Amino acid sequence: MTRRTAPFIGPQGEELSIARRWHIRRWIVGAIALAAVLWFVSIFVFSDRIRWERVGEYLFYEHILNGVVATIWISLAATVLGLVLGVLFAIMKLAKNPVLKWIAEAYIWFFRGTPVLVQLIFWFNLALLLPYITLKIPFTSIGMRWDTNSLISGDTAAILGLGLNLSAYFAETVRAGIMAVDRGQTEAAKAGGMTSSQTMRIIVLPQALKIIIPPTANEFISMLKTTSLIVVVAGNDLMTNASNIYKQNNLVIELLIVCSIWYMFMTAIATYLQSLLEKRFGADRVRAIRGTSIGQRMLDAATGAIRLPVRNGGKGAR
Amino acid sequence: MSESNSLLVQAKGVRKSFGTHEVLKGIDFQVHKGEVSVIVGPSGSGKSTFLRAMNGLELIDAGSLIVDGEQVGYSLSDGRYREWGDGDWAKFRSRIGMVFQRFNLYAHFDALENVAASLIHVKKLSKAKARERAREQLDRVGLADHSHKRPHQLSGGQQQRVAIARALAMDPDLMLFDEPTSALDPELVDEVLETMKALAEGGMTMVVVTHEVGFAREVGDSLAFFDEGIVMEKDEPELLLKTENPRVRSFLDRVR
(Lines give C-alpha, C1' and ligand atoms only; values in the text may rest on other atoms or scores of the structure.)
Protein backbone atom coordinates (compact mmCIF):
# COMPACT_ATOMS: atom_id res chain seq x y z
CA MET A 1 0.00 0.00 0.00
CA THR A 2 1.42 3.35 -0.92
CA ARG A 3 0.91 6.35 1.26
CA ARG A 4 -0.70 9.59 0.25
CA THR A 5 1.96 12.20 -0.32
CA ALA A 6 -0.08 15.24 -1.28
CA PRO A 7 -1.11 17.36 1.76
CA PHE A 8 -4.74 18.26 2.39
CA ILE A 9 -5.81 21.75 1.55
CA GLY A 10 -7.73 23.67 4.24
CA PRO A 11 -10.57 26.14 3.71
CA GLN A 12 -8.15 29.09 3.44
CA GLY A 13 -5.95 27.20 0.96
CA GLU A 14 -3.40 26.36 3.66
CA GLU A 15 -1.70 22.95 3.77
CA LEU A 16 -2.84 20.61 6.53
CA SER A 17 -0.34 17.92 7.47
CA ILE A 18 -1.17 14.25 8.00
CA ALA A 19 -0.46 12.45 11.28
CA ARG A 20 1.10 9.08 10.40
CA ARG A 21 -0.18 5.94 12.09
CA TRP A 22 2.52 3.98 13.86
CA HIS A 23 1.10 0.49 13.48
CA ILE A 24 2.28 -0.58 16.92
CA ARG A 25 0.87 -4.10 16.62
CA ARG A 26 2.74 -4.74 13.39
CA TRP A 27 6.01 -3.81 15.10
CA ILE A 28 5.32 -6.08 18.07
CA VAL A 29 4.34 -9.11 15.99
CA GLY A 30 7.28 -8.53 13.67
CA ALA A 31 9.70 -8.35 16.57
CA ILE A 32 8.39 -11.58 18.11
CA ALA A 33 8.61 -13.42 14.79
CA LEU A 34 12.13 -12.16 14.20
CA ALA A 35 13.21 -13.23 17.68
CA ALA A 36 11.84 -16.73 17.10
CA VAL A 37 13.69 -17.08 13.81
CA LEU A 38 16.94 -15.74 15.25
CA TRP A 39 16.70 -18.12 18.21
CA PHE A 40 16.17 -21.04 15.85
CA VAL A 41 19.05 -20.04 13.59
CA SER A 42 21.32 -19.43 16.57
CA ILE A 43 20.85 -23.05 17.65
CA PHE A 44 22.65 -24.03 14.46
CA VAL A 45 25.09 -21.19 14.16
CA PHE A 46 26.35 -21.22 17.74
CA SER A 47 26.04 -24.95 18.34
CA ASP A 48 29.40 -26.23 19.50
CA ARG A 49 28.46 -29.58 17.96
CA ILE A 50 28.64 -28.13 14.42
CA ARG A 51 32.16 -27.55 13.31
CA TRP A 52 31.66 -24.64 10.92
CA GLU A 53 35.32 -24.55 9.94
CA ARG A 54 34.84 -28.07 8.52
CA VAL A 55 31.80 -26.88 6.56
CA GLY A 56 33.96 -24.22 4.94
CA GLU A 57 36.68 -26.75 4.33
CA TYR A 58 34.41 -29.24 2.60
CA LEU A 59 32.42 -26.65 0.63
CA PHE A 60 35.09 -26.56 -2.08
CA TYR A 61 36.46 -30.04 -1.55
CA GLU A 62 37.22 -31.72 -4.88
CA HIS A 63 34.96 -34.70 -4.27
CA ILE A 64 32.05 -32.35 -3.47
CA LEU A 65 32.68 -30.15 -6.52
CA ASN A 66 32.69 -33.26 -8.73
CA GLY A 67 29.37 -34.18 -7.14
CA VAL A 68 27.95 -30.74 -7.98
CA VAL A 69 29.00 -31.14 -11.61
CA ALA A 70 27.52 -34.67 -11.73
CA THR A 71 24.27 -33.47 -10.17
CA ILE A 72 23.93 -30.73 -12.77
CA TRP A 73 24.61 -32.99 -15.71
CA ILE A 74 22.42 -35.84 -14.44
CA SER A 75 19.60 -33.34 -13.85
CA LEU A 76 20.01 -31.89 -17.32
CA ALA A 77 20.17 -35.28 -19.03
CA ALA A 78 17.21 -36.66 -17.07
CA THR A 79 15.17 -33.50 -17.75
CA VAL A 80 15.91 -33.61 -21.48
CA LEU A 81 15.02 -37.33 -21.59
CA GLY A 82 11.85 -36.58 -19.62
CA LEU A 83 10.84 -33.72 -21.91
CA VAL A 84 11.37 -35.64 -25.14
CA LEU A 85 9.52 -38.73 -23.92
CA GLY A 86 6.90 -36.55 -22.25
CA VAL A 87 6.01 -34.87 -25.54
CA LEU A 88 5.91 -38.28 -27.23
CA PHE A 89 3.58 -39.79 -24.65
CA ALA A 90 1.38 -36.69 -24.57
CA ILE A 91 0.86 -36.96 -28.32
CA MET A 92 0.22 -40.71 -27.98
CA LYS A 93 -2.33 -40.11 -25.28
CA LEU A 94 -4.17 -37.61 -27.49
CA ALA A 95 -3.93 -39.87 -30.55
CA LYS A 96 -7.02 -41.30 -32.19
CA ASN A 97 -5.38 -44.71 -32.32
CA PRO A 98 -6.72 -46.52 -29.24
CA VAL A 99 -3.67 -48.79 -28.93
CA LEU A 100 -1.28 -45.84 -28.70
CA LYS A 101 -3.61 -44.20 -26.21
CA TRP A 102 -3.71 -47.26 -23.97
CA ILE A 103 0.05 -47.68 -24.10
CA ALA A 104 0.56 -44.05 -23.12
CA GLU A 105 -1.99 -44.29 -20.33
CA ALA A 106 -0.44 -47.48 -18.98
CA TYR A 107 3.02 -45.94 -19.14
CA ILE A 108 1.91 -42.80 -17.31
CA TRP A 109 0.03 -44.88 -14.74
CA PHE A 110 3.02 -47.11 -14.11
CA PHE A 111 5.62 -44.38 -13.75
CA ARG A 112 3.40 -42.10 -11.69
CA GLY A 113 2.11 -45.03 -9.68
CA THR A 114 5.43 -46.36 -8.46
CA PRO A 115 7.87 -44.47 -6.21
CA VAL A 116 10.83 -43.01 -8.02
CA LEU A 117 13.05 -44.71 -5.47
CA VAL A 118 11.75 -48.12 -6.58
CA GLN A 119 12.36 -47.19 -10.21
CA LEU A 120 15.94 -46.12 -9.50
CA ILE A 121 16.75 -49.35 -7.75
CA PHE A 122 15.04 -51.30 -10.52
CA TRP A 123 17.12 -49.72 -13.26
CA PHE A 124 20.29 -50.12 -11.25
CA ASN A 125 19.56 -53.84 -10.92
CA LEU A 126 18.46 -54.30 -14.52
CA ALA A 127 21.19 -56.89 -14.92
CA LEU A 128 19.22 -59.25 -12.70
CA LEU A 129 16.48 -59.24 -15.32
CA LEU A 130 18.57 -58.87 -18.47
CA PRO A 131 22.16 -59.95 -17.95
CA TYR A 132 23.03 -58.88 -21.49
CA ILE A 133 21.59 -56.24 -23.79
CA THR A 134 21.71 -57.33 -27.42
CA LEU A 135 20.97 -55.26 -30.47
CA LYS A 136 20.91 -57.26 -33.67
CA ILE A 137 19.24 -57.33 -37.02
CA PRO A 138 16.57 -60.06 -36.89
CA PHE A 139 17.39 -63.41 -38.57
CA THR A 140 21.05 -62.50 -38.95
CA SER A 141 24.07 -62.66 -36.71
CA ILE A 142 24.92 -59.02 -37.23
CA GLY A 143 24.58 -57.00 -34.06
CA MET A 144 26.11 -55.96 -30.77
CA ARG A 145 25.89 -57.24 -27.25
CA TRP A 146 26.72 -55.49 -24.00
CA ASP A 147 27.11 -56.67 -20.46
CA THR A 148 24.24 -54.93 -18.65
CA ASN A 149 26.23 -54.45 -15.45
CA SER A 150 28.90 -52.49 -17.27
CA LEU A 151 26.31 -50.50 -19.24
CA ILE A 152 24.09 -49.49 -16.34
CA SER A 153 26.27 -47.48 -13.96
CA GLY A 154 24.80 -45.53 -11.08
CA ASP A 155 24.63 -42.50 -13.37
CA THR A 156 22.81 -44.26 -16.21
CA ALA A 157 20.38 -45.84 -13.78
CA ALA A 158 19.80 -42.38 -12.33
CA ILE A 159 19.22 -40.73 -15.70
CA LEU A 160 16.88 -43.51 -16.82
CA GLY A 161 14.97 -43.66 -13.56
CA LEU A 162 14.59 -39.91 -13.08
CA GLY A 163 14.06 -39.19 -16.79
CA LEU A 164 11.38 -41.83 -17.31
CA ASN A 165 9.67 -40.79 -14.11
CA LEU A 166 9.66 -37.13 -15.14
CA SER A 167 8.37 -38.01 -18.62
CA ALA A 168 5.21 -39.51 -17.12
CA TYR A 169 4.47 -36.30 -15.20
CA PHE A 170 5.58 -34.12 -18.06
CA ALA A 171 3.32 -35.96 -20.50
CA GLU A 172 0.37 -34.64 -18.52
CA THR A 173 1.78 -31.09 -18.59
CA VAL A 174 2.31 -31.26 -22.34
CA ARG A 175 -1.15 -32.71 -22.85
CA ALA A 176 -2.68 -29.83 -20.93
CA GLY A 177 -0.53 -27.44 -22.99
CA ILE A 178 -1.68 -28.97 -26.27
CA MET A 179 -5.29 -28.83 -25.16
CA ALA A 180 -4.86 -25.21 -24.10
CA VAL A 181 -4.05 -24.18 -27.68
CA ASP A 182 -7.20 -22.69 -29.16
CA ARG A 183 -9.20 -25.19 -31.23
CA GLY A 184 -9.48 -22.51 -33.90
CA GLN A 185 -5.77 -22.94 -34.61
CA THR A 186 -6.31 -26.59 -35.47
CA GLU A 187 -9.36 -25.79 -37.57
CA ALA A 188 -7.52 -23.09 -39.49
CA ALA A 189 -4.63 -25.46 -40.21
CA LYS A 190 -6.97 -28.21 -41.37
CA ALA A 191 -8.98 -25.78 -43.48
CA GLY A 192 -5.65 -24.72 -44.98
CA GLY A 193 -5.09 -28.26 -46.20
CA MET A 194 -2.64 -29.48 -43.57
CA THR A 195 -2.70 -33.12 -42.47
CA SER A 196 -3.19 -34.00 -38.81
CA SER A 197 0.51 -34.53 -38.24
CA GLN A 198 1.42 -31.26 -39.97
CA THR A 199 -1.17 -29.46 -37.87
CA MET A 200 0.36 -30.89 -34.70
CA ARG A 201 3.97 -30.32 -35.75
CA ILE A 202 3.72 -26.88 -37.38
CA ILE A 203 0.82 -25.20 -35.62
CA VAL A 204 -0.16 -26.78 -32.29
CA LEU A 205 3.06 -28.08 -30.74
CA PRO A 206 5.10 -24.86 -31.13
CA GLN A 207 2.32 -22.93 -29.41
CA ALA A 208 1.88 -25.58 -26.73
CA LEU A 209 5.61 -25.60 -26.00
CA LYS A 210 5.54 -21.85 -25.54
CA ILE A 211 2.99 -22.43 -22.80
CA ILE A 212 4.88 -25.37 -21.35
CA ILE A 213 8.42 -23.99 -21.32
CA PRO A 214 8.14 -21.83 -18.18
CA PRO A 215 6.89 -24.74 -16.02
CA THR A 216 9.74 -26.95 -17.29
CA ALA A 217 12.15 -24.76 -15.34
CA ASN A 218 10.17 -25.76 -12.28
CA GLU A 219 10.61 -29.42 -13.17
CA PHE A 220 14.32 -28.87 -13.56
CA ILE A 221 14.64 -27.20 -10.17
CA SER A 222 12.76 -30.06 -8.61
CA MET A 223 14.98 -32.51 -10.51
CA LEU A 224 18.16 -30.92 -9.10
CA LYS A 225 17.10 -32.04 -5.67
CA THR A 226 15.45 -35.31 -6.64
CA THR A 227 18.92 -36.39 -7.82
CA SER A 228 19.81 -36.72 -4.14
CA LEU A 229 17.82 -39.99 -4.25
CA ILE A 230 20.58 -41.40 -6.43
CA VAL A 231 22.43 -42.01 -3.19
CA VAL A 232 20.69 -45.42 -3.13
CA VAL A 233 22.25 -46.52 -6.40
CA ALA A 234 25.65 -44.97 -5.75
CA GLY A 235 25.85 -42.52 -8.61
CA ASN A 236 28.54 -39.91 -8.09
CA ASP A 237 26.23 -36.96 -7.52
CA LEU A 238 26.56 -34.37 -4.77
CA MET A 239 24.54 -36.26 -2.16
CA THR A 240 26.24 -39.59 -2.80
CA ASN A 241 29.69 -38.06 -2.62
CA ALA A 242 28.81 -36.18 0.55
CA SER A 243 27.44 -39.32 2.16
CA ASN A 244 30.60 -41.21 1.23
CA ILE A 245 32.57 -38.61 3.14
CA TYR A 246 30.39 -38.48 6.22
CA LYS A 247 30.22 -42.23 6.46
CA GLN A 248 33.96 -42.12 7.01
CA ASN A 249 34.43 -39.10 9.22
CA ASN A 250 30.99 -38.90 10.85
CA LEU A 251 30.59 -35.16 10.11
CA VAL A 252 26.99 -35.84 9.07
CA ILE A 253 25.42 -32.46 9.83
CA GLU A 254 28.38 -30.54 8.45
CA LEU A 255 28.23 -32.33 5.11
CA LEU A 256 24.48 -32.02 4.91
CA ILE A 257 24.95 -28.27 5.36
CA VAL A 258 27.54 -28.31 2.58
CA CYS A 259 25.06 -30.13 0.34
CA SER A 260 22.25 -27.77 1.23
CA ILE A 261 24.36 -24.73 0.43
CA TRP A 262 25.17 -26.16 -3.00
CA TYR A 263 21.61 -27.22 -3.72
CA MET A 264 20.36 -23.78 -2.73
CA PHE A 265 23.00 -22.16 -4.89
CA MET A 266 22.03 -24.30 -7.89
CA THR A 267 18.36 -23.57 -7.26
CA ALA A 268 19.06 -19.84 -7.12
CA ILE A 269 20.85 -19.98 -10.48
CA ALA A 270 18.06 -22.09 -11.99
CA THR A 271 15.44 -19.70 -10.61
CA TYR A 272 17.25 -16.82 -12.27
CA LEU A 273 17.35 -18.72 -15.57
CA GLN A 274 13.66 -19.48 -15.15
CA SER A 275 12.88 -15.78 -14.83
CA LEU A 276 14.80 -15.15 -18.07
CA LEU A 277 12.86 -17.95 -19.73
CA GLU A 278 9.59 -16.51 -18.56
CA LYS A 279 10.56 -13.12 -19.85
CA ARG A 280 11.38 -14.66 -23.22
CA PHE A 281 8.27 -16.84 -23.48
CA GLY A 282 6.34 -14.58 -21.16
CA ALA A 283 2.88 -15.68 -20.14
CA ASP A 284 1.85 -12.06 -20.74
CA ARG A 285 2.72 -12.25 -24.39
CA VAL A 286 0.97 -15.55 -24.86
CA ARG A 287 -2.08 -14.13 -23.11
CA ALA A 288 -2.07 -11.08 -25.38
CA ILE A 289 -2.09 -13.38 -28.38
CA ARG A 290 -4.91 -15.61 -27.28
CA GLY A 291 -7.19 -13.46 -25.18
CA THR A 292 -8.07 -15.64 -22.22
CA SER A 293 -5.57 -16.46 -19.51
CA ILE A 294 -3.40 -19.50 -20.01
CA GLY A 295 -3.95 -20.59 -16.44
CA GLN A 296 -7.67 -20.57 -17.07
CA ARG A 297 -7.22 -22.52 -20.29
CA MET A 298 -4.96 -25.08 -18.63
CA LEU A 299 -7.50 -25.44 -15.87
CA ASP A 300 -10.29 -25.79 -18.42
CA ALA A 301 -8.29 -28.34 -20.34
CA ALA A 302 -7.47 -30.33 -17.21
CA THR A 303 -11.04 -30.33 -15.99
CA GLY A 304 -12.61 -30.65 -19.45
CA ALA A 305 -13.36 -34.32 -18.86
CA ILE A 306 -15.63 -33.57 -15.92
CA ARG A 307 -17.81 -31.05 -17.72
CA LEU A 308 -21.42 -31.34 -16.75
CA PRO A 309 -23.88 -32.26 -19.49
CA VAL A 310 -25.31 -29.21 -21.22
CA ARG A 311 -28.92 -29.30 -22.29
CA ASN A 312 -28.86 -27.25 -25.46
CA GLY A 313 -25.70 -28.87 -26.84
CA GLY A 314 -24.97 -27.64 -30.34
CA LYS A 315 -26.98 -24.44 -30.09
CA GLY A 316 -25.37 -21.23 -31.12
CA ALA A 317 -22.80 -20.64 -33.83
CA ARG A 318 -20.95 -23.91 -34.19
CA MET B 1 -21.65 -12.16 -62.75
CA SER B 2 -20.96 -15.18 -64.89
CA GLU B 3 -23.83 -17.60 -64.50
CA SER B 4 -22.33 -20.87 -65.65
CA ASN B 5 -24.31 -23.99 -65.11
CA SER B 6 -21.75 -26.05 -63.24
CA LEU B 7 -22.65 -26.59 -59.60
CA LEU B 8 -19.88 -26.15 -57.08
CA VAL B 9 -22.01 -27.04 -54.07
CA GLN B 10 -24.94 -29.40 -54.24
CA ALA B 11 -26.60 -30.39 -50.96
CA LYS B 12 -29.61 -32.67 -50.73
CA GLY B 13 -31.33 -33.61 -47.50
CA VAL B 14 -28.29 -32.83 -45.33
CA ARG B 15 -28.85 -33.79 -41.69
CA LYS B 16 -26.65 -33.35 -38.65
CA SER B 17 -27.17 -33.83 -34.92
CA PHE B 18 -25.05 -32.91 -31.94
CA GLY B 19 -26.05 -35.53 -29.42
CA THR B 20 -29.84 -35.54 -29.35
CA HIS B 21 -30.12 -32.03 -30.78
CA GLU B 22 -30.74 -32.01 -34.51
CA VAL B 23 -29.07 -28.93 -36.00
CA LEU B 24 -29.59 -29.61 -39.70
CA LYS B 25 -32.94 -31.11 -40.60
CA GLY B 26 -32.64 -31.73 -44.30
CA ILE B 27 -30.83 -28.93 -46.08
CA ASP B 28 -31.19 -28.57 -49.85
CA PHE B 29 -28.79 -25.99 -51.21
CA GLN B 30 -26.94 -25.19 -54.40
CA VAL B 31 -24.11 -22.87 -55.31
CA HIS B 32 -23.11 -22.29 -58.90
CA LYS B 33 -19.61 -21.53 -60.00
CA GLY B 34 -18.94 -17.82 -59.66
CA GLU B 35 -21.97 -17.30 -57.44
CA VAL B 36 -21.91 -15.27 -54.25
CA SER B 37 -24.29 -17.05 -51.94
CA VAL B 38 -25.20 -15.36 -48.69
CA ILE B 39 -26.76 -17.18 -45.74
CA VAL B 40 -28.49 -15.36 -42.88
CA GLY B 41 -30.53 -16.61 -39.95
CA PRO B 42 -30.75 -16.54 -36.18
CA SER B 43 -28.05 -18.21 -34.10
CA GLY B 44 -28.74 -21.90 -33.70
CA SER B 45 -30.35 -22.06 -37.12
CA GLY B 46 -27.58 -24.34 -38.36
CA LYS B 47 -26.06 -21.95 -40.88
CA SER B 48 -22.53 -22.15 -39.47
CA THR B 49 -22.75 -25.92 -39.07
CA PHE B 50 -23.78 -26.25 -42.70
CA LEU B 51 -20.93 -24.02 -43.83
CA ARG B 52 -18.45 -26.03 -41.78
CA ALA B 53 -19.83 -29.25 -43.23
CA MET B 54 -18.84 -28.03 -46.69
CA ASN B 55 -15.16 -28.52 -45.88
CA GLY B 56 -15.67 -31.32 -43.41
CA LEU B 57 -15.03 -29.48 -40.16
CA GLU B 58 -18.37 -31.03 -39.23
CA LEU B 59 -19.35 -34.41 -40.59
CA ILE B 60 -22.95 -34.81 -41.71
CA ASP B 61 -25.10 -37.73 -40.59
CA ALA B 62 -27.32 -38.14 -43.65
CA GLY B 63 -28.00 -36.75 -47.08
CA SER B 64 -25.71 -35.90 -49.93
CA LEU B 65 -23.22 -33.04 -49.93
CA ILE B 66 -21.20 -32.65 -53.10
CA VAL B 67 -18.61 -29.88 -53.00
CA ASP B 68 -16.21 -29.17 -55.84
CA GLY B 69 -17.09 -32.47 -57.46
CA GLU B 70 -16.60 -34.64 -54.37
CA GLN B 71 -19.06 -36.28 -52.01
CA VAL B 72 -17.48 -34.67 -48.92
CA GLY B 73 -15.64 -37.34 -46.93
CA TYR B 74 -16.08 -40.22 -49.37
CA SER B 75 -14.94 -41.39 -52.75
CA LEU B 76 -16.93 -43.80 -54.85
CA SER B 77 -15.04 -46.87 -55.96
CA ASP B 78 -16.41 -50.27 -57.00
CA GLY B 79 -19.93 -49.24 -56.09
CA ARG B 80 -19.03 -48.36 -52.51
CA TYR B 81 -18.31 -45.10 -50.77
CA ARG B 82 -14.84 -45.37 -49.27
CA GLU B 83 -14.18 -43.07 -46.28
CA TRP B 84 -11.44 -40.52 -46.78
CA GLY B 85 -8.14 -40.71 -44.96
CA ASP B 86 -6.14 -37.83 -43.53
CA GLY B 87 -4.42 -37.18 -46.86
CA ASP B 88 -7.69 -37.14 -48.83
CA TRP B 89 -9.14 -34.58 -46.47
CA ALA B 90 -6.04 -32.41 -46.71
CA LYS B 91 -6.06 -32.53 -50.49
CA PHE B 92 -9.75 -31.62 -50.62
CA ARG B 93 -9.50 -28.81 -48.10
CA SER B 94 -6.53 -27.26 -49.89
CA ARG B 95 -8.98 -26.41 -52.70
CA ILE B 96 -11.45 -24.67 -50.38
CA GLY B 97 -10.67 -21.48 -48.53
CA MET B 98 -12.21 -20.78 -45.16
CA VAL B 99 -12.43 -17.58 -43.15
CA PHE B 100 -13.49 -17.84 -39.52
CA GLN B 101 -15.43 -15.57 -37.22
CA ARG B 102 -12.52 -15.31 -34.80
CA PHE B 103 -9.86 -15.05 -37.57
CA ASN B 104 -7.84 -17.99 -36.18
CA LEU B 105 -4.55 -16.61 -37.40
CA TYR B 106 -1.61 -18.75 -36.29
CA ALA B 107 -0.60 -16.93 -33.12
CA HIS B 108 3.09 -17.87 -33.31
CA PHE B 109 3.53 -16.66 -36.90
CA ASP B 110 3.62 -13.15 -38.34
CA ALA B 111 1.20 -12.11 -41.09
CA LEU B 112 3.49 -13.23 -43.91
CA GLU B 113 4.18 -16.61 -42.31
CA ASN B 114 0.48 -17.09 -41.77
CA VAL B 115 -0.15 -16.72 -45.48
CA ALA B 116 2.93 -18.70 -46.49
CA ALA B 117 2.43 -21.68 -44.13
CA SER B 118 0.14 -23.75 -46.33
CA LEU B 119 2.00 -22.72 -49.48
CA ILE B 120 5.17 -24.21 -48.02
CA HIS B 121 3.74 -27.26 -46.28
CA VAL B 122 0.77 -28.12 -48.47
CA LYS B 123 1.55 -26.73 -51.92
CA LYS B 124 5.22 -27.58 -51.32
CA LEU B 125 6.46 -24.30 -52.78
CA SER B 126 10.01 -23.25 -51.98
CA LYS B 127 10.27 -20.85 -49.05
CA ALA B 128 11.31 -17.97 -51.28
CA LYS B 129 8.50 -18.55 -53.72
CA ALA B 130 5.93 -18.98 -50.95
CA ARG B 131 6.99 -15.73 -49.32
CA GLU B 132 6.82 -13.93 -52.63
CA ARG B 133 3.32 -15.22 -53.23
CA ALA B 134 2.30 -14.43 -49.66
CA ARG B 135 3.53 -10.88 -50.09
CA GLU B 136 1.42 -10.50 -53.23
CA GLN B 137 -1.65 -11.74 -51.37
CA LEU B 138 -1.07 -9.36 -48.46
CA ASP B 139 -0.70 -6.58 -50.97
CA ARG B 140 -4.02 -7.59 -52.51
CA VAL B 141 -5.80 -7.06 -49.16
CA GLY B 142 -3.86 -3.85 -48.56
CA LEU B 143 -1.60 -5.13 -45.78
CA ALA B 144 1.79 -5.31 -47.48
CA ASP B 145 3.20 -2.95 -44.84
CA HIS B 146 2.12 -5.22 -41.99
CA SER B 147 3.66 -8.46 -43.18
CA HIS B 148 6.00 -8.77 -40.18
CA LYS B 149 3.43 -8.09 -37.51
CA ARG B 150 2.14 -10.84 -35.26
CA PRO B 151 -1.63 -11.30 -35.06
CA HIS B 152 -1.87 -9.58 -31.66
CA GLN B 153 -0.24 -6.47 -33.14
CA LEU B 154 -2.97 -6.17 -35.77
CA SER B 155 -6.51 -4.84 -35.38
CA GLY B 156 -9.40 -7.26 -35.78
CA GLY B 157 -10.12 -5.98 -39.27
CA GLN B 158 -6.50 -6.38 -40.30
CA GLN B 159 -6.38 -9.87 -38.83
CA GLN B 160 -9.42 -10.86 -40.82
CA ARG B 161 -7.91 -9.47 -44.00
CA VAL B 162 -4.76 -11.51 -43.37
CA ALA B 163 -7.02 -14.53 -42.89
CA ILE B 164 -8.65 -13.80 -46.24
CA ALA B 165 -5.23 -13.44 -47.87
CA ARG B 166 -4.19 -16.74 -46.27
CA ALA B 167 -7.18 -18.52 -47.79
CA LEU B 168 -6.77 -16.81 -51.20
CA ALA B 169 -3.10 -17.70 -51.45
CA MET B 170 -4.10 -21.34 -51.93
CA ASP B 171 -5.98 -20.32 -55.09
CA PRO B 172 -9.21 -21.97 -53.93
CA ASP B 173 -12.17 -23.02 -56.06
CA LEU B 174 -14.56 -21.94 -53.32
CA MET B 175 -14.35 -19.54 -50.38
CA LEU B 176 -16.34 -20.11 -47.19
CA PHE B 177 -16.90 -17.20 -44.79
CA ASP B 178 -18.19 -18.02 -41.32
CA GLU B 179 -19.57 -14.75 -39.88
CA PRO B 180 -16.39 -12.90 -40.91
CA THR B 181 -17.42 -9.56 -39.39
CA SER B 182 -19.29 -10.66 -36.27
CA ALA B 183 -16.25 -10.46 -33.97
CA LEU B 184 -15.21 -7.03 -35.23
CA ASP B 185 -15.70 -3.59 -33.72
CA PRO B 186 -18.31 -1.78 -35.83
CA GLU B 187 -15.83 0.68 -37.34
CA LEU B 188 -13.67 -2.22 -38.62
CA VAL B 189 -16.46 -4.07 -40.41
CA ASP B 190 -16.29 -2.06 -43.62
CA GLU B 191 -12.64 -2.75 -44.45
CA VAL B 192 -13.36 -6.49 -44.34
CA LEU B 193 -16.57 -6.15 -46.35
CA GLU B 194 -14.74 -4.06 -48.96
CA THR B 195 -12.13 -6.80 -49.34
CA MET B 196 -14.88 -9.38 -49.73
CA LYS B 197 -16.74 -7.24 -52.27
CA ALA B 198 -13.61 -6.90 -54.38
CA LEU B 199 -13.25 -10.65 -54.24
CA ALA B 200 -16.87 -11.19 -55.26
CA GLU B 201 -16.52 -8.78 -58.15
CA GLY B 202 -13.45 -10.73 -59.26
CA GLY B 203 -15.68 -13.75 -59.84
CA MET B 204 -14.77 -15.86 -56.82
CA THR B 205 -17.36 -18.43 -55.77
CA MET B 206 -18.30 -17.57 -52.20
CA VAL B 207 -20.62 -18.83 -49.50
CA VAL B 208 -20.97 -16.21 -46.79
CA VAL B 209 -22.69 -16.71 -43.46
CA THR B 210 -23.27 -13.22 -42.09
CA HIS B 211 -25.65 -10.75 -40.55
CA GLU B 212 -24.62 -8.08 -43.06
CA VAL B 213 -27.73 -7.93 -45.21
CA GLY B 214 -26.33 -4.90 -47.00
CA PHE B 215 -23.46 -7.00 -48.29
CA ALA B 216 -25.95 -9.51 -49.69
CA ARG B 217 -27.88 -6.77 -51.43
CA GLU B 218 -24.78 -5.23 -52.97
CA VAL B 219 -22.84 -8.23 -54.24
CA GLY B 220 -24.91 -11.32 -53.40
CA ASP B 221 -26.36 -13.44 -56.18
CA SER B 222 -28.57 -15.32 -53.76
CA LEU B 223 -29.70 -14.89 -50.20
CA ALA B 224 -30.88 -17.77 -48.07
CA PHE B 225 -32.66 -17.61 -44.74
CA PHE B 226 -31.91 -20.53 -42.41
CA ASP B 227 -34.17 -21.28 -39.46
CA GLU B 228 -34.27 -24.28 -37.12
CA GLY B 229 -32.08 -26.39 -39.38
CA ILE B 230 -33.87 -25.85 -42.67
CA VAL B 231 -33.59 -23.39 -45.56
CA MET B 232 -36.75 -21.42 -44.93
CA GLU B 233 -36.40 -19.19 -47.98
CA LYS B 234 -33.84 -18.68 -50.72
CA ASP B 235 -34.04 -16.12 -53.47
CA GLU B 236 -32.32 -13.23 -55.13
CA PRO B 237 -31.37 -10.78 -52.37
CA GLU B 238 -33.65 -7.98 -53.54
CA LEU B 239 -36.62 -10.34 -53.64
CA LEU B 240 -35.92 -12.06 -50.34
CA LEU B 241 -35.54 -8.72 -48.61
CA LYS B 242 -39.11 -7.91 -49.67
CA THR B 243 -40.54 -11.21 -48.43
CA GLU B 244 -43.91 -11.37 -46.71
CA ASN B 245 -42.90 -14.33 -44.53
CA PRO B 246 -43.33 -12.93 -40.98
CA ARG B 247 -40.52 -15.07 -39.48
CA VAL B 248 -38.02 -13.84 -42.06
CA ARG B 249 -39.44 -10.32 -41.91
CA SER B 250 -39.00 -9.96 -38.18
CA PHE B 251 -35.41 -11.27 -38.36
CA LEU B 252 -34.43 -8.99 -41.25
CA ASP B 253 -35.96 -5.97 -39.53
CA ARG B 254 -33.79 -6.62 -36.49
CA VAL B 255 -30.45 -7.10 -38.26
CA ARG B 256 -30.82 -4.24 -40.65
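Heavy atoms only: backbone and side chains are in, while hydrogens, waters and symmetry mates are out. Numbers restart at 1 for each chain; the letters A, B, ... are given by sequence-line order, proteins then strands. The structure displayed is predicted, hence computed values, not measured ones.
- Atom NZ of B:Lys91 has 12 or fewer neighbouring heavy atoms from other residues, nucleotides or ligands inside a 6.0 Å radius.
- Environment of NZ in B:Lys124: crowded, with over 12 heavy atoms of neighbouring residues, nucleotides or ligands closer than 6.0 Å.
- The stretch residues 40-60 of chain B participates, sequence neighbours left out, in these ring pair (Phe, Tyr, Trp, His ring centres under 6.0 Å) pairs: B:Phe29-B:Phe50, B:Phe50-B:Phe226.
- Atom-to-atom distance recorded for B:Leu57:CG and A:Arg183:CZ is 9.0 Å, nearest 0.5 angstrom.
- Residue A:Ile202 comes nearest to B:His108 through the heavy atom pair O-NE2, 2.9 Å, listed as atom of the first residue, atom of the second, then distance.
- Residues of residues 159-168 of chain B having a heavy atom under 4.5 Å from any heavy atom of chain A, listed by number: B:Arg166.
- The number of heavy atoms from other shown groups lying within 6.0 Å of CZ (B:Arg140) does not exceed 12.
- Heavy atoms closer than 4.5 Å to chain B are found in the backbone of A:Ser197, but not in its side chain.
- Side-chain atoms of A:Thr195 do not come within 3.5 Å of backbone N or O of B:Ala90 as any donor-acceptor pair.
- Between A:Glu187 and B:Met98, the closest side-chain pair of non-hydrogen atoms is not below 4.5 Å.
- The most heavy-atom pairs under 4.5 Å with chain A, out of B:Asn55, B:Val99, B:Ile96, B:Leu105, come from B:Leu105.
- Remark: the B:His121 side chain and the A:Gln198 side chain contain no N/O donor-acceptor pair separated by less than 3.5 Å.
- Every ring pair (Phe, Tyr, Trp, His ring centres under 6.0 Å) that A:Phe111 has, sequence neighbours left out, goes to A:Tyr107.
- Counting heavy atoms from C-beta on, the side chains of A:Gln185 and B:Tyr106 come closer than 4.5 Å.
- B:Asn104 places no side-chain N or O within donor-acceptor distance of the main-chain N or O of A:Ala188, the cut-off being under 3.5 Å.
- With a 4.5 angstrom heavy-atom cutoff, B:Phe109 touches chain A only via side-chain atoms.
- For the residue pair B:Val122 and A:Gly192, the shortest heavy atom distance occurs at CG2-O, 3.6 Å.
- The two residues B:Ala107 and A:Gln207 make their nearest non-hydrogen contact at CB-OE1, 3.6 Å.
- Taking A:Phe265 as the reference, A:Trp262 meet the ring pair (Phe, Tyr, Trp, His ring centres under 6.0 Å) condition, with sequence neighbours excluded.
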